[in-house]
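Count residues from 1 along the sequence.
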Amino acid sequence: MTILITGGTKGIGRAIAERLARPATHLVLAYRGDDVAAAEAKTQCAAKGADATTLRADIGTIAGCAALMAEIGKLGCGLKHIVHSAATVYPTGMLDADLERFTLAMQTNGLSLLYLVQKAMPLIGRGSSIVFISSAGARTARPGYAALGNGKALAESIIRYLVPELAPLGIRINAVAPGLVHTTSVARMTGSAELAQERVDQAAAANPSGRASRASDYASLVEYLLTDDAEFVQGQVIHCNGGVYVGV
């Protein structure tokens, strides 16, 4: 079974990859440019018995997604599932945004889901599951989060419009929205690793469940959505954040 994980060499994507890594599973980890992180992720997944392949790809462009699927096709192993975790971090508001950078971020954070699905259609089929990694920022405005939050909101809308076309084909698509976790992306968003940890600590203290998010919280949910038991879960955005924003 082959599973594509975009952004699968760092942060949330890597945690999901390590959760899914096991014998008889082939993981294709797509990444933008950090070769060192890619090598480390591949080693970790292989240590758990998985066959892991790393592929550099710019999934923020139509051509990049087409090239990625062409490379997967050349591997000759097919493609069963897609977990789309890649994102571009551009900390900005709306009125002060550089519109060119904002547009590029929107392509990676939102439109790329459509690019990937269209270009993957020759490879996936009945029983395939697509999981997009979203965020609470897709439905609540947060300072500096405009490029990421709007992109993810766009992707959630794309999911709803894809369901009527994918469901008759036996392909399901859903989103998982983790709570705040300490990643390099959060560090870039806040300005430093220290500020990121401070934000995570604050979120943990304010969480109704009394703790910060763990990798197992969202990775286990993604794992479930890839199983046959989840075949009737379709077009959903599932928040696994301990109860944050339930009143919003």
Does the [X] side chain pair with the main chain of [Y], one donor and one acceptor, at a distance under 3.5 Å?
X	Y	value
Thr103	Leu99	yes
Asn109	Gly149	no
Thr2	Leu79	no
Ser135	Gly137	yes
Asn150	Ala147	no
Ser128	Lys80	yes
Asn174	Gln236	yes
Lys152	Ala177	no
Arg126	Pro168	yes

Would you mind reporting whether [Y] and [X] have side-chain heavy atoms less than 4.5 Å apart?
X	Y	answer
Lys10	Tyr31	no
Leu116	Ile130	no
Val176	Leu225	yes
Val163	Ile173	yes
Leu123	Ile72	yes
Val89	Pro91	yes
Tyr115	Gln107	yes
Leu104	Glu100	no

Passes salt bridge (Lys or Arg N to Asp or Glu O under 4.0 Å), Asp51 versus Arg22? Steps please.
CA-CA 8 Å; Asp51 180 14; Arg22 65 195 59 164; over 6 Å; no

Closest approach of [X] and [Y], non-hydrogen atoms and distance?
X	Y	result
Ser112	Cys65	O-SG, 4.3 Å
Ala97	Gly93	CB-O, 3.4 Å
Ala30	Leu4	CB-CD1, 4.0 Å
Lys42	Ala52	CE-O, 3.1 Å
Ala155	Leu113	O-CD2, 3.6 Å
Ser209	Gly242	OG-O, 2.7 Å

Tell me whether Asp34 is salt-bridged to Arg56, with the criterion being a basic N under 4.0 Å from an acidic carboxylate O.
no

Indicate yes or no: does Arg14 engage Glu40 in a salt bridge with an N to O separation below 4.0 Å.
yes

Is there a continuous path of hydrophobic side-chain contacts, each under 4.5 Å between heavy atoms, that joins Val244 to Val237?
no

State yes or no: do Tyr161 and Val117 share one hydrophobic cluster built from I, L, V, M, F, W and Y residues joined by side-chain heavy-atom distances below 4.5 Å, directly or via other members?
no

If I take atom [atom1] from residue [X] and atom [atom2] from residue [Y], how far apart are they, to the nearest 0.5 angstrom?
X	Y	atom1	atom2	answer
Ile5	Ile133	CD1	CD1	9.5 Å
Cys45	Leu29	SG	CG	5.0 Å
Arg211	Arg214	CZ	CZ	3.5 Å
Gln44	Glu18	CD	CD	5.0 Å
Met69	Leu55	CE	CG	10.5 Å
His81	Met1	NE2	CE	5.0 Å

Please collect all side-chain hydrogen bond (donor to acceptor under 3.5 Å, both in side chains) contacts where either partner lies in residues 59-74, sequence neighbours excluded, each pair once.
Glu71-Lys74

Stepwise side chain to side chain contact (heavy atoms under 4.5 Å, CB included) test for Leu148 and Tyr90:
CA-CA 7 Å; Leu148 196 54; Tyr90 168 38; over 6 Å; no

Knowing that exactly one of Thr88, Leu111, Leu154 qualifies, which makes a side chain to side chain contact (heavy atoms under 4.5 Å, CB included) with Met106?
Leu154

Check Ile3, Leu226, Thr227, Ile124 against Ser129 for a side chain to side chain contact (heavy atoms under 4.5 Å, CB included) and give me the one that passes.
Leu226

Stepwise side chain to side chain contact (heavy atoms under 4.5 Å, CB included) check, Arg172 with Leu162:
CA-CA 9 Å; Arg172 57 193 186 273; Leu162 281 172; over 6 Å; no

Might you confirm whether atom CG of Asp228 has over 12 heavy atoms from other residues, nucleotides or ligands at distances under 6.0 Å?
no

Run Ile59 and Thr108 through side chain to side chain contact (heavy atoms under 4.5 Å, CB included) and show every step you take.
CA-CA 6 Å; Ile59 56 89; Thr108 301; 3.8 Å; yes

For the pair Thr92 and Asp98, evaluate side chain to side chain contact (heavy atoms under 4.5 Å, CB included) and give the outcome as yes or no after the intermediate values.
CA-CA 8 Å; Thr92 185; Asp98 178 294; over 6 Å; no

